[in-house]
Visitor: 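First, the structure itself, so that you have it in front of you.
Whatever order the structure lists ligands and atoms in, that order sets their numbers, starting from 1.
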Amino acid sequence: MKFHVLTLFPEIPRAFFESSIMAKAVQKGIIAYDLVNIRDFALDKHKTCDDSPYGGGAGMLMMTKPLASALDSVKPRKKRVIYVTPSGKKFTQNLAYELSRESDLVIICGRYEGIDQRIIDSYVDDEISIGDYVLSSGEAAATVIIDAVYRLIDGVIKSESLEEESFSDGLLEYPQYTRPEEFLDQKVPEVLLSGHHEKIRVWRLKQRLAKTMRMRPDLIAKARESGKITKEAEKMIEEITRIGEQ
Ligand code: SAM
């Protein structure tokens, strides 16, 4: 998979590509990246990349021509192009899985008040938001998307690590513990020390359900709609609800 990031501030995503697990994935050749500095396509000696919006209003927009030339430079053109924007569809784990199956992703990082609508209409396949808030630029949003996507690609991390993660089957993750057995006056739940795999599985499922019901009841409804709540889980939900009502 190759990420092509179009940005006015390549140093921001570069730090991510050069660190930790991502750096290893790049070294192994699983991930490649190309940081395209939009300013390199500016037309004047001042390297101007912003312009005022038609119709007036506060702030500037990204200038059309440098951005279009930067997009044209990312050849061949048959690549999925994403514009990160607060007015896009919400980024989710499902979308991360879908994007992880692409061979190339082109991501446009906006700045100022955003980009010209004609660039969106001519080049962009997906407008994606990382949440209902406004950042000052798109580099952090692009990095969030890249991070969620690349770790799903075969060979980056162990597939077992992905299996019971939050959202993997519509639920949040169970609580986790490491050494020491007693810490801050709290003990690790007895069952996790038992070595009894079936009891641990049941405990973890119940914890996942209880946490999801408490923090994200909307996810329980969605998981039910898509048939992901098993009979065993339904029984546990009844039990958790009964205990909560007592
Ligand atoms: N005028 C825009 C609006 O009201 O929707 C906000 C522009 S914002 C200050 C500048 C850039 O940051 C955007 O073009 C986009 O690339 C990025 N950005 C800001 N918030 C974002 C979010 N929640 N998700 C994805 N990208 C975001």
Visitor: Should you measure from each heavy atom of Val134, which atoms of ligand 1 turn up under 4.0 Å away?
Guide: 6 (C), 8 (S), 9 (C), 20 (N)
Visitor: For atom 23 (N) of ligand 1, what is the closest protein heavy atom, and at what distance to 0.1 Å?
Guide: Tyr133 O, 2.8 Å
Visitor: Would you say that Tyr174 contacts Leu205 through its side chain, given a criterion of any heavy-atom pair below 4.5 Å between the two side chains?
Guide: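 Side-chain contact under 4.5 Å: no.
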Visitor: Do Asp51 and Tyr112 meet the criterion of a side-chain donor-acceptor pair at a distance under 3.5 Å?
Guide: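 There is no such pair between these side chains.
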Visitor: Which protein heavy atom lies closest to atom 14 (O) of ligand 1, and at what distance to 0.1 Å?
Guide: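 For atom 14 (O) of ligand 1, the nearest protein heavy atom comes out as Tyr83 OH, 2.7 Å.
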Visitor: Who gets closest to atom 17 (C) of ligand 1 by heavy atom: Ala141, Ser137, Ala140?
Guide: Ser137
Visitor: Side chains of Thr230 and Glu232: donor-acceptor distance under 3.5 Å anywhere?
Guide: no
Visitor: Identify, for atom 20 (N) of ligand 1, the protein heavy atom at the shortest distance, and state residue, atom and that distance.
Guide: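 Atom 20 (N) of ligand 1 sits closest to the protein heavy atom Leu135 N, 2.9 Å.
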Visitor: Before giving the answer on side-chain contact (heavy atoms from CB on, under 4.5 Å), spell out for Lys211 and Arg216 the whole-Å C-alpha distance, their side-chain angles and the decisive distance to 0.1 Å.
Guide: CA-CA 8 Å; Lys211 185 162 190 188; Arg216 295 289 305 275; over 6 Å; no
Visitor: Find all atoms of ligand 1 within a distance of less than 4.0 Å from any non-hydrogen atom belonging to Gly114, and give their numbers and elements.
Guide: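 Heavy-atom distances to Gly114 below 4.0 Å select 14 (O).
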Visitor: Short list, please: which atoms of ligand 1 are under 4.0 Å from a heavy atom of Tyr112?
Guide: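 What qualifies from ligand 1 is 7 (C), 8 (S), 9 (C), 10 (C).
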Visitor: Once the angle between the rings of Phe3 and Phe17 is folded into 0 to 90°, is it parallel (under 30°), tilted (30 to 60°) or perpendicular (over 60°)?
Guide: tilted
Visitor: Give me the nearest non-hydrogen protein atom to atom 24 (N) of ligand 1 as residue plus atom name, then the distance to 0.1 Å.
Guide: Ile130 N, 3.1 Å
Visitor: Is the CZ atom of Phe183 crowded by more than 12 outside heavy atoms at less than 6.0 Å?
Guide: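 Count not over threshold, so no.
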Visitor: Taking atom 4 (O) of ligand 1 as the reference point, report whether a protein heavy atom occurs under 4.0 Å from it.
Guide: no
Visitor: Which protein non-hydrogen atom lies closest to atom 27 (C) of ligand 1, naming both residue and atom, and how far is it?
Guide: Pro86 CD, 3.5 Å
Visitor: With a cut-off of 6.0 Å (strictly less than), are more than 12 heavy atoms of other residues, nucleotides or ligands near CD of Glu98?
Guide: yes
Visitor: Quick check: are there more than 12 heavy atoms from other residues, nucleotides or ligands sitting under 6.0 Å from NZ of Lys89?
Guide: yes
Visitor: Please report which non-hydrogen protein atom sits nearest to atom 1 (N) of ligand 1, along with the residue it belongs to and the distance in Å to one decimal place.
Guide: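 Result for atom 1 (N) of ligand 1: Glu113 OE1, 2.8 Å.
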Visitor: For Ile115 and ligand 1, answer yes if some heavy atom of the residue is under 4.0 Å from a ligand atom, otherwise no.
Guide: no
Visitor: Pairing donors with acceptors under 3.5 angstrom, does anything connect the side chains of Thr85 and Glu127?
Guide: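 Per modelled atom types, Thr85 and Glu127 side chains form no pair under 3.5 Å.
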Visitor: Please could you name the atoms of ligand 1 that Gly138 approaches to less than 4.0 Å, counting only its heavy atoms?
Guide: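 Once the distances to Gly138 are compared, the set is 12 (O), 16 (O), 17 (C).
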Visitor: Number the atoms of ligand 1 from 1 as they appear, then name those within less than 4.0 Å of a heavy atom of Ile128, with their elements.
Guide: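 Counting from 1, the qualifying ligand atoms are 25 (C).
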Visitor: Report the nearest protein non-hydrogen atom to atom 15 (C) of ligand 1: residue, atom name, distance rounded to 0.1 Å.
Guide: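 The closest heavy atom on the protein side is Val84 O, 3.0 Å.
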Visitor: Quick one: which ligand 1 atoms are inside 4.0 Å of a heavy atom on Gly110?
Guide: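 Near Gly110, meaning under 4.0 Å from one of its heavy atoms, ligand 1 has 11 (C), 14 (O), 16 (O).
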Visitor: Consider side chain to side chain contact (heavy atoms under 4.5 Å, CB included). Of Asp34, Val106, Ile146, which one does Val5 pass it with?
Guide: Ile146
